[in-house]
Amino acid sequence: LIQPPKAHSFTEEPLVIHRTISLKENPFVQDHRIGQNPVLPATCASAWLINACESINPGWQFHRMEDFKVLKGITFDENDHEFDLVIKSLPTDKQDERAFDVMVVSENGNNGRKKFHYSGMVILVKDLPQSPKHVELEEYFDQKDQYKDGSEYYHDGTLFHGPSFQGIRSVLVPDEKKIVSRIYLPNISPSEQGQFMAGSVNPFLND
């Protein structure tokens, strides 16, 4: 997916990874349209930042992302689009963590100015902590007769997602602060995932 240099010290200059993405190589975006325009899901953009950081840090795993921002989303047309992913190492006082400031940038073909698309801070760790258990939600698991069919949200226009992203099966709204959902998204084939293959995070399920 991404082939960065084998080693980079980050002592002075950030690492820049160049990438070309296209509509042809990413058929899933046809199911993620805003109006008539195929748009890259923000979850795919965040996975892009995460995968890049993991690829240059063998043995380290994604733990969390902080301050992720969509600055200017990517809308697809029939042309190829060129981007630079800029990775800058950040100081940290924890030996078992590595932090990186990451940004996706392109150049405006009309005036040569830079366009900033996505940014965030990626945190990697050597060993992942144990996943938390949300026992407070268990009381809702057996209330099957109170769940609403999730497909209604796609049919009535509440959600715009096409088949590749329609994973909400049923929804329970217990109060104004809490929504409990049953979600199942069938595996998307590698050819359909295109240039944004699921790895430590699954951008299709997350979306």
Side-chain angles (χ1 to χ4, degrees), residues 1-10 13-23 25-29 31-32 38-76 81-106 114-132 161 164-165 167 183 185-207:
L1 179 62
I2 300 173
Q3 296 180 342
K6 293 183 178 180
H8 188 83
S9 65
F10 293 106
E13 297 296 325
L15 174 64
V16 179
I17 301 174
H18 187 75
R19 192 182 198 192
T20 301
I21 65 174
S22 68
L23 179 63
E25 295 294 328
N26 297 286
F28 66 86
V29 297
D31 286 336
H32 195 270
V39 176
L40 184 70
T43 52
C44 288
S46 63
W48 184 359
L49 309 187
I50 293 164
N51 292 342
C53 291
E54 285 188 323
S55 70
I56 58 174
N57 290 274
W60 292 75
Q61 304 174 76
F62 171 66
H63 180 229
R64 66 187 186 277
M65 175 177 282
E66 299 179 3
D67 201 27
F68 175 72
K69 295 178 181 178
V70 178
L71 305 171
K72 182 175 178 55
I74 295 174
T75 301
F76 287 84
H81 297 270
E82 307 287 329
F83 299 94
D84 285 331
L85 189 146
V86 183
I87 305 176
K88 182 179 180 181
S89 180
L90 298 174
T92 175
D93 55 2
K94 297 181 180 180
Q95 293 194 0
D96 58 347
E97 282 191 359
R98 291 183 179 179
F100 301 90
D101 187 24
V102 191
M103 179 173 288
V104 175
V105 184
S106 68
K114 290 187 179 299
K115 293 190 292 185
F116 301 94
H117 297 275
Y118 311 98
S119 66
M121 182 170 67
V122 175
I123 311 296
L124 306 181
V125 296
K126 269 291 186 182
D127 299 299
L128 288 173
Q130 187 175 1
S131 299
H161 304 78
S164 298
F165 294 93
I183 299 175
L185 188 69
N187 288 332
I188 300 176
S189 69
S191 61
E192 291 175 308
Q193 293 180 41
Q195 296 172 286
F196 296 90
M197 298 284 289
S200 293
V201 295
N202 187 324
F204 310 100
L205 183 60
N206 289 346
D207 191 89

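- Taking the side-chain hydrogen bond (donor to acceptor under 3.5 Å, both in side chains) definition, one finds that E82 meets it with H18, T20, sequence neighbours left out.
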- Message: Would F28 and I188 count as a side chain to side chain contact (heavy atoms under 4.5 Å, CB included) here? Give the steps.
- Response: CA-CA 9 Å; F28 66 86; I188 300 176; 5.5 Å; no
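- In this structure, F76 and S22 have side chains that are not in contact, with every pair of non-hydrogen atoms separated by 4.5 Å or more.
- Using cut-offs of 30° and 60° for the angle between ring planes, the Y118 and F68 rings count as parallel.
- Looking at heavy atoms from C-beta onward, I87 lies in side-chain contact with I56 at the 4.5 angstrom threshold.
- Nearest heavy atoms, P14 versus V86: CB-CG1, 3.8 Å.
- E54 and S200 share a side-chain donor-acceptor pair at under 3.5 Å.
- Here the closest heavy-atom approach between residue P203 and residue A198 is recorded as CD-CA, 4.1 Å.
- Of all heavy-atom pairs spanning C44 and L40, the tightest one is CB-CD1, 3.7 Å.
- In the displayed structure, K72 atom NZ is contacted under 6.0 Å by at most 12 heavy atoms of other residues, nucleotides or ligands.
- Atoms CD1 and CD, on I123 and E97 in that order, are 6.0 Å from each other to the nearest 0.5 Å.
- If you take CE on M121 and OG1 on T92, they are separated by 8.5 Å, rounding to the nearest 0.5 Å.
- Judged by the 6.0 Å distance and 45° axis criteria, R98 is not positioned over the aromatic ring of F62.
- The CG atom of L124 lies 5.5 Å from the CZ atom of F100; values are rounded to the nearest 0.5 Å.
- Listed by chain and number, the residues in a side chain to side chain contact (heavy atoms under 4.5 Å, CB included) with L205 are I183, L185, N202 (sequence neighbours excluded).
- In this structure the side chain of R19 reaches within 4.5 angstrom of the side chain of Q195, judged on heavy atoms.
- With 3.5 Å as the limit, one finds a donor-acceptor pair spanning the side chains of D207 and H161.
- Applying the 6.0 Å contact sphere to CD of Q95 captures no more than 12 heavy atoms from other residues, nucleotides or ligands.
- The two residues A52 and I17 have their closest heavy-atom pair at CB-CD1, 4.3 Å.
- Side-chain atoms of N206 and T43 include no donor-acceptor pair closer than 3.5 Å.
- Between the side chains of S106 and H117, a donor-acceptor pair is found at a separation under 3.5 Å.
- Rounded to the nearest 0.5 angstrom, F196 CZ and F204 CZ are separated by 8.5 Å.
- Put simply, the side chain of V104 reaches to within 4.5 Å of the side chain of L49, judged on heavy atoms.
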- Message: Does K126 form a side chain to side chain contact (heavy atoms under 4.5 Å, CB included) with W60? I'd like the steps, not just the answer.
- Response: CA-CA 5 Å; K126 269 291 186 182; W60 292 75; 3.5 Å; yes
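- Rounded to the nearest 0.5 angstrom, T75 OG1 and H81 NE2 are separated by 8.5 Å.
- Residues D31 and F165 approach most closely at O-CD1, 3.7 Å, considering heavy atoms.
- Distance CG/D101 to OG/S119: 7.0 Å, rounded to 0.5 Å.
- For the pair L85 and V102, the minimum side-chain heavy-atom distance is below 4.5 Å.
- The number of heavy-atom neighbours closer than 6.0 Å to CG of N187, taken from other residues, nucleotides and ligands shown, is 12 or below.
- A pairwise comparison of heavy atoms in M197 and Q193 identifies CA-OE1, 3.2 Å as the closest pair.
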- Message: If you apply the rule side chain to side chain contact (heavy atoms under 4.5 Å, CB included), what do you find for S46 with V201, and how did you get there?
- Response: CA-CA 9 Å; S46 63; V201 295; 5.8 Å; no
